[in-house]
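Worksheet: the structure to be examined is printed underneath.
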Amino acid sequence: MMYRKIIVTAILLFVFALIGTTLVSFTFEQTDEQIQANERATLLRNLHKIIPPQIHDNDLFKDSTTAHNPTLLGDKKPIQIYRARKQGKPVAAILSSVAPDGYNGNIRLLVGIYYNGEIAGVRIINHRETPGLGDQIEEEKSDWVFSFNTRSIQNLKSSQWHVKKDGGIFDQFTGATITPRAIVKAVHKTLIYYQHHREQIFKTKPSDSLKDHQHD
């Protein structure tokens, strides 16, 4: 009698588990495509905030490649590079680099750089910085992130690529210096990477990845 109850209970648990797994799998299959479409649309909006669609005529998603350089790009994994062109000529590149030393870990960025090396714009796409302090890096909270516009390796000395507290030209936030310091450092390193790899960035086929250059 006892064995019969155990077997019945086991069968019921198996059936419930099977139904639950099937429902989760079905829901995922039904929503995954829509989730990916939403994420792609959000990313495209952010890309176009930096490089407006009026100044390029190619598909940023199709004309993209990857690069791997944890030292300068901040991520152990390859990062995505979106390339903007007009009539086949390079206009700008947008690198999805990472500031690894934020107050609460990684801060993910989009750094748009015109072909001539000037910054087209920087946007913060993901972070876990302290609300009310470190989140001033968001364009919705302050205009701080726009202070990078038109900056370049050529028009700023290396010593100026710091927050003012460290002798540079970029503002820090009251009570939250670590966050802007990390971003200034990451943007500067991204510019250095771009300067060293500009021609390679625009020549690499979309299906290929830029070679790793850990010595840079």
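These numbers come from the heavy atoms of this one structure, side chains and all, not from hydrogens, waters or symmetry mates.
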If hydrophobic clusters are built from ILVMFWY residues whose side chains come within less than 4.5 Å, do Leu191 and Ile51 share one? no
Would you please indicate if the ring centroids of Phe173 and Trp144 are separated by under 6.0 Å? yes
Pair Lys49-Glu139, side chain to side chain contact (heavy atoms under 4.5 Å, CB included): steps then yes or no: CA-CA 11 Å; Lys49 285 181 181 178; Glu139 61 174 321; 3.1 Å; yes
Just how far is it from atom CZ of Arg123 to atom CG of Leu110, taken to the nearest 0.5 Å? 9.0 Å
Which distance, rounded to the nearest 0.5 Å, do you find between the CD1 of Ile79 and the CG of Leu73? 4.5 Å
Partner of His56 under side-chain hydrogen bond (donor to acceptor under 3.5 Å, both in side chains), picked from Arg85, His48, Gln87, is His48
Do Ser64 and Gln80 meet the criterion of a side-chain donor-acceptor pair at a distance under 3.5 Å? yes
Which heavy atom of Glu118 sits nearest to which heavy atom of Ser152, and what is that distance? CA-CB, 4.0 Å
What is the minimum heavy-atom distance between Ala176 and Gly134, and which atoms define it? CB-N, 4.1 Å
Any sub-3.5 Å donor-acceptor pair from Thr130's side-chain atoms to Leu133's backbone N or O? no
Taking ring pair (Phe, Tyr, Trp, His ring centres under 6.0 Å) as the test, write out the residues that go with His188, two or more places apart. Trp161
Would a hydrophobic clustering, with Ile, Leu, Val, Met, Phe, Trp and Tyr connected at side-chain separations under 4.5 Å, put Phe146 with Tyr114? no
In terms of heavy-atom contacts, Arg128 and Asn104 come closest through O-ND2, 2.8 Å
Distance col, row Leu156:CG vs Ile169:CD1, nearest 0.5 angstrom, shows 4.5 Å
Is there a salt bridge (charged side-chain N to carboxylate O under 4.0 Å, His left out) between Lys141 and Asp135 once you walk through the steps? CA-CA 7 Å; Lys141 302 291 177 61; Asp135 63 356; 3.0 Å; yes
How long is the gap from CZ on Arg40 to CZ on Arg45, to the nearest 0.5 Å? 13.0 Å
Are there over 12 heavy-atom neighbours, none belonging to Lys86, within less than 6.0 Å of that residue's NZ? yes
Contact summary for Thr190 and Ser97, nearest pair of heavy atoms: OG1-OG, 2.9 Å
So, applying salt bridge (charged side-chain N to carboxylate O under 4.0 Å, His left out) with Arg181, which one of Asp171, Asp166, Asp101 is it? Asp166
Roughly how far apart are Asn46 CG and Ile94 CD1, rounded to 0.5 Å? 9.5 Å
Please identify each residue that fulfils ring pair (Phe, Tyr, Trp, His ring centres under 6.0 Å) with Tyr115, with sequence neighbours left out. Phe202
How long is the straight-line distance from CD1 of Ile124 back to CD of Glu140, given to the nearest 0.5 Å? 10.5 Å
Non-hydrogen side-chain atoms of Val184 and Phe148 separated by less than 4.5 Å: yes
Treat each ILVMFWY residue as a node, draw an edge where side-chain heavy atoms are under 4.5 Å apart, and state whether Phe61 and Val91 are in one component. yes
Using a 4.5 Å side-chain heavy-atom cut-off and chaining through intermediate ILVMFWY residues, the residues clustered with Val98 come out as none
Short side-chain donor-acceptor distance under 3.5 Å, Thr204 and Thr65: no
Whether the side chain of Gln154 engages the backbone of Gly117 through a donor-acceptor N/O pair (distance < 3.5 Å, no angle test) should be reported. no
Non-hydrogen atoms of Pro100 and Gly74 that approach each other most closely: CB-O, 3.9 Å
Hydrophobic clusters here meaning ILVMFWY residues chained together by side-chain heavy-atom distances under 4.5 Å, can you tell me if Ile50 and Ile55 are in one? yes
Among Ile81, Leu72, Leu109, which residue satisfies the side chain to side chain contact (heavy atoms under 4.5 Å, CB included) criterion with Leu95? Ile81
Tell me whether Arg83 contacts the main-chain N or O of Ile201 through its side chain, where contact means a donor paired with an acceptor under 3.5 Å. yes
Hey, mind stepping through Glu129 and Ile137 against side chain to side chain contact (heavy atoms under 4.5 Å, CB included) and telling me if it holds? CA-CA 9 Å; Glu129 300 304 279; Ile137 56 178; 4.3 Å; yes
Hydrophobic clusters here meaning ILVMFWY residues chained together by side-chain heavy-atom distances under 4.5 Å, can you tell me if Leu43 and Val111 are in one? no
Nearest heavy atoms of Gly102 and Ile178, plus distance in Å: C-CG2, 4.1 Å
Intermediate values then yes/no, side chain to side chain contact (heavy atoms under 4.5 Å, CB included), Tyr193 and Leu210: CA-CA 11 Å; Tyr193 180 87; Leu210 273 73; 3.3 Å; yes
